[in-house]
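Below is one structure; the comments refer to it alone.
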Amino acid sequence: MSFTRLLVPTYIQMLGRLSAWLEKAQAQRPDDAEALLSARLAPDMFPLATQIRFACRQAQEAVFRLKGEAFPESSNILLEEGRNAGDHPGSIADAQARIAETIDLLNALSATALDIEPETAIAHALPAGITFDLTTEQFARDWALPQFYFHVMTAYAILRAGGTELGKTDYVAHMLPYVRPGTMPGA
């Protein structure tokens, strides 16, 4: 199993989508798009600014955990920004910069950078004191991808709920190159 081929393209394409959704929000709501960064789906959920930073952090976390490296200070700063984004959401330009930094990190990886044995043990500790004992395959499948998608989808839902016109095509735009010619509606 190639964790690099599984995770890296997934992270890059979905972070690219997230960036495009923010661009749409700015284009559609030039006077109040920044306010969306403080929007939440529910009072007990993190705001859009946090969802963006946590999506980036999830992608970075997978890279450093699978490489067996400590998180660099920039990744820890990203985590703290996310935790504090309710009070300090930053700007859309800040969010775009975090997305771009994460995509650059992913693009800089070698084709086999994350490829380790699927049965390699990973102890994944959470801030609340819970520790998961996982294999690398379980980590990628059961934590890294679902957590990343949770934050990306929550960002999508906040943008939609906030009035940004997004549809399924915006979410799955990365699939368009795979469309069989002549099978698109209206083609």
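In what follows, residues are counted from 1 in the order of the sequence shown.
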With hydrophobic residues grouped by side-chain heavy-atom distances under 4.5 Å, do [X] and [Y] end up in a single group?
X: Leu145; Y: Leu109; value: yes
X: Leu15; Y: Trp143; value: yes
X: Leu105; Y: Leu79; value: no
X: Leu126; Y: Phe150; value: yes
X: Tyr171; Y: Leu48; value: yes

Check whether [X] reaches the backbone of [Y] with its side chain - one donor and one acceptor, N or O, closer than 3.5 Å.
X: Gln26; Y: Ile92; result: no
X: Asp94; Y: Gly90; result: no
X: Arg160; Y: Glu165; result: no
X: Tyr156; Y: Gly167; result: yes
X: Thr136; Y: Glu117; result: yes
X: Trp21; Y: Leu166; result: no
X: Thr112; Y: Asp115; result: no

Restricting to non-hydrogen atoms, name the atom on [X] and the atom on [Y] that form the minimum distance, rounded to 0.1 Å.
X: Ala125; Y: Arg65; answer: O-NH2, 4.0 Å
X: Ala25; Y: Ala33; answer: O-CB, 3.6 Å
X: Ile103; Y: Gly16; answer: CD1-N, 4.0 Å
X: Glu34; Y: Ser91; answer: OE1-CA, 3.0 Å
X: Leu37; Y: Pro89; answer: CB-CB, 3.9 Å
X: Ala85; Y: Thr50; answer: CB-OG1, 3.1 Å

If you measure from [atom1] on [X] to [atom2] on [Y], what distance do you get to the nearest 0.5 Å?
X: Leu36; Y: Leu22; atom1: CG; atom2: CG; value: 9.0 Å
X: Phe46; Y: Arg53; atom1: CZ; atom2: CZ; value: 12.5 Å
X: Tyr178; Y: Thr183; atom1: OH; atom2: OG1; value: 14.5 Å
X: Leu18; Y: His151; atom1: CG; atom2: NE2; value: 12.0 Å
X: Gln58; Y: Thr102; atom1: CD; atom2: OG1; value: 11.5 Å
X: Ser2; Y: Ile116; atom1: OG; atom2: CD1; value: 11.5 Å

Decide yes or no for [X] and [Y]: does some side-chain heavy atom of the first lie under 4.5 Å from some side-chain heavy atom of the second?
X: Ile12; Y: Asn107; result: yes
X: Thr4; Y: Leu66; result: no
X: Asp142; Y: Leu134; result: no
X: Phe54; Y: Leu78; result: no
X: Asn76; Y: Glu80; result: no

Quick one: list whatever passes side chain to side chain contact (heavy atoms under 4.5 Å, CB included) with [X], sequence neighbours left out.
X: Ala140; result: Phe3, Leu7
X: Ala123; result: Thr131, Asp133
X: Ala157; result: Leu41
X: Arg40; result: Pro47

Problem set entry | Cationic N near anionic O, under 4.0 Å, Arg98 to Glu81 |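 Salt bridge present between Arg98 and Glu81.
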
Exercise. Are side-chain N/O atoms of Gln96 and Ser19 paired as donor and acceptor at under 3.5 Å?
Worked result: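 Per modelled atom types, Gln96 and Ser19 side chains form a pair under 3.5 Å.
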
For this session: Decide whether Gln60 and Ser75 meet the rule of one side-chain donor and one side-chain acceptor closer than 3.5 Å.
Result: yes

Exercise. Using 30° and 60° as the class limits, which term best fits the ring planes of His124 and Phe132: parallel, tilted or perpendicular?
Worked result: parallel

Exercise. Salt bridge (charged side-chain N to carboxylate O under 4.0 Å, His left out) with Arg57: which residues, sequence neighbours excluded?
Worked result: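 Here no residue qualifies.
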
For this session: Quick one: which residue pairs count as a ring-ring contact (aromatic ring centres under 6.0 Å, His included) with a foot in residues 57-105, not counting sequence neighbours?
Result: none

